[in-house]
A.B. asks: 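To start, I am sharing the structure in question, which I have written as structure tokens.
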2 protein chains.
Amino acid sequence: MSPTSPASDEMIQQAIERIWETLPSTWHTVRGQVRRTAVEEFGVTLEQFHVLRHVRGGSATVSEVAEAKQISRSAVSQAVDVLVEKGLLTRVQSRTDRRYVALALTPSGDALLNAVFARNRAWMQAQMAGLAADDAEALLHGLAVLQGLFKNA
Amino acid sequence: MSPTSPASDEMIQQAIERIWETLPSTWHTVRGQVRRTAVEEFGVTLEQFHVLRHVRGGSATVSEVAEAKQISRSAVSQAVDVLVEKGLLTRVQSRTDRRYVALALTPSGDALLNAVFARNRAWMQAQMAGLAADDAEALLHGLAVLQGLFKNA
DNA sequence: CTTAATGATTATATAACTTAACTGTTCCGG
DNA sequence: CCGGAACAGTTAAGTTATATAATCATTAAG
């Protein structure tokens, strides 16, 4: 098999520029939709929502969420306070090592995540109505590349 | 010319999922790099940096920045206070309509933006080292599609 | 055992917002 | 014209999300 040719410097510069043109505004928009739904319909802030999202995404302790979100453990601990208070998250001390506190979604926390995501998916689907098949293909491929680039950075 | 076929529902679902897998973490990573540079090397917070960025991007008044960032005018006004204090931004009352205050980067504000972006470009280039030409192509195309989707939302 | 390391929490401070109230300016209908 | 509505911006006061530092409880290591 022939080795794939590397991208030119020029092309890489173009890609960087395009990333800056696209990511901040796009993520800001998507995030804004989630924020509105989360706040107005479910009474949780976007930050609280993201903590729940990380817990469901596999972060099972305060430290893991902090690591994933790149914020301090104490910030997470405080956010968890609120979420436990709201009945969306549980804290359970590990029996094998009692320093650890396992975080888990309550049924209503899980339902909240599902509901917010459902709303968001519907909204995104509306944005994507009429998307051409080849553009959708390009989107999938491009995002896969993007994901690979900054995964370990 | 033949009409392009629309993307299937399934494909759209896949795209939505991929967006959620990619955007938050990628933007978080890129943003983190900018934050470190801005804070550690230039003494401005990420939020202040983004205000400067919007001013250079064409938002010339408090209201325009607020609109672009989707935050309140008062929040921008307060951020501008700090940036003026730091000598990165100027406020100049319009002579034709004195309600308006034109925001403009000072030379050092402009230099700061350039420097932070230069650092970021270098870092991103490093991340993208060895990127294959066809992957770069896919990235450009995919991001263009993404940008189009949420531009007016 | 004692000390060090670890996970989590608490206390306290700060930055970045919000809403509400206010200032100054312009526009507009009478 | 002039008096009020609309508008751009600021100021005041309160909230939220974060940080750092100190502390507690637990486990690991010498």
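Since the model is a prediction, treat every value here as computed from it, not as a measurement. Proteins come first, then strands; the chains are lettered A, B, ... in the order of their sequence lines, and each starts at number 1.
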A.B. asks: Just how far, in rounded Å, is C1' of dA8(C) from CD of E67(A)?
C.D. replies: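 Checked: the CD to C1' distance equals 16 Å.
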
A.B. asks: Using ring centroids (six-membered ring only for Trp), state whether W27(B) and W20(B) fall under 6.0 Å.
C.D. replies: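 Ring centroids of W20(B) and W27(B) are no less than 6.0 Å from each other.
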
A.B. asks: Can you check side chain to side chain donor-acceptor pair (under 3.5 Å) on T37(B) and Q33(B), steps first, answer last?
C.D. replies: CA-CA 6 Å; T37(B) 307; Q33(B) 193 279 334; 3.2 Å; yes

A.B. asks: dT27(D), OP1 or OP2 - any side-chain N/O from R98(A) closer than 4.0 Å?
C.D. replies: yes

A.B. asks: Taking NZ from K69(A) and C1' from dT16(D), how many angstroms apart are they, rounded to a whole number?
C.D. replies: 12 Å

A.B. asks: Is a side-chain donor-acceptor pair under 3.5 Å present for S63(A) with E67(A)?
C.D. replies: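 Looking only at side-chain atoms, S63(A) and E67(A) do not form any donor-acceptor pair under 3.5 Å.
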
A.B. asks: With sugar-phosphate meaning primed atoms plus P, OP1 and OP2, does T96(A) contact a base, only sugar-phosphate, or nothing at under 4.0 Å between heavy atoms?
C.D. replies: sugar-phosphate

A.B. asks: Please report, rounded to the nearest Å, how far the P atom of dT25(C) is from the CZ atom of R99(B).
C.D. replies: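 Rounding to the nearest Å, CZ of R99(B) and P of dT25(C) are 11 Å apart.
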
A.B. asks: Using heavy atoms and a sub-4.0 Å distance, could you list which residues of residues 40-59 of chain A are near DNA chain C? By number, please.
C.D. replies: none

A.B. asks: Taking CG from D97(A) and P from dA29(D), how many angstroms apart are they, rounded to a whole number?
C.D. replies: 12 Å

A.B. asks: Within the structure provided, determine whether L146(B) and I19(B) are in side-chain contact (heavy-atom separation under 4.5 Å).
C.D. replies: yes

A.B. asks: Distance check needed: dA19(D) C1' versus Q70(A) CD, whole Å only.
C.D. replies: 14 Å

A.B. asks: Quickly work out the Y100(A) OH to dA25(D) P distance and round it to whole Å.
C.D. replies: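 Roughly 19 Å, once rounded to whole Å.
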
A.B. asks: Are side-chain N/O atoms of R31(B) and H28(B) paired as donor and acceptor at under 3.5 Å?
C.D. replies: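 No, because no side-chain N or O of R31(B) sits under 3.5 Å from a partner of the opposite role on H28(B).
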
A.B. asks: Atom CD1 of I71(B) and atom C1' of dG9(D): how far apart are they, to the nearest Å?
C.D. replies: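 About 14 Å, once rounded to whole Å.
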
A.B. asks: Let me spell it out: for each of S72(A) and R95(A), pick the nucleotide of DNA chain D with the closest heavy atom. Which residue's pick is nearer the 5' end?
C.D. replies: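 Residue closer to the 5' terminus by nearest nucleotide: S72(A).
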
A.B. asks: Mind listing the residues from residues 75-91 of chain B sitting with a heavy atom below 4.0 Å of DNA chain C? Number order is fine.
C.D. replies: A75(B), Q78(B)

A.B. asks: What nucleic acid atoms does S74(A) come within less than 4.0 Å of, heavy atoms only: base, sugar-phosphate, or nothing?
C.D. replies: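 Base, at least one base atom sits under 4.0 Å.
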
A.B. asks: Using a strict 4.0 Å threshold on nitrogen-to-oxygen distance, state whether D81(A) and R91(A) make a salt bridge.
C.D. replies: yes

A.B. asks: Would you compute the distance between atom CZ of F150(B) and atom CH2 of W123(A) and round it to the nearest 0.5 angstrom?
C.D. replies: 5.0 Å

A.B. asks: Answer yes or no: is there a side-chain heavy-atom contact under 4.5 Å between R56(B) and N114(B)?
C.D. replies: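 When only atoms from C-beta onward are counted, N114(B) and R56(B) do touch, with a gap below 4.5 Å.
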
A.B. asks: Given atom CZ of R73(A) and atom C1' of dC24(D), what is their separation to the nearest angstrom?
C.D. replies: 13 Å

A.B. asks: For L88(A) and S108(A), run side chain to side chain contact (heavy atoms under 4.5 Å, CB included): C-alpha distance rounded to whole Å, both residues' side-chain angles, the deciding distance at 0.1 Å, then the answer.
C.D. replies: CA-CA 6 Å; L88(A) 302 170; S108(A) 78; 3.7 Å; yes

A.B. asks: Contact class for S63(A) vs. all strands (heavy atom < 4.0 Å): base, sugar-phosphate, or nothing?
C.D. replies: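 Since only primed, P, OP1 and OP2 atoms lie under 4.0 Å of S63(A), the category is sugar-phosphate.
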
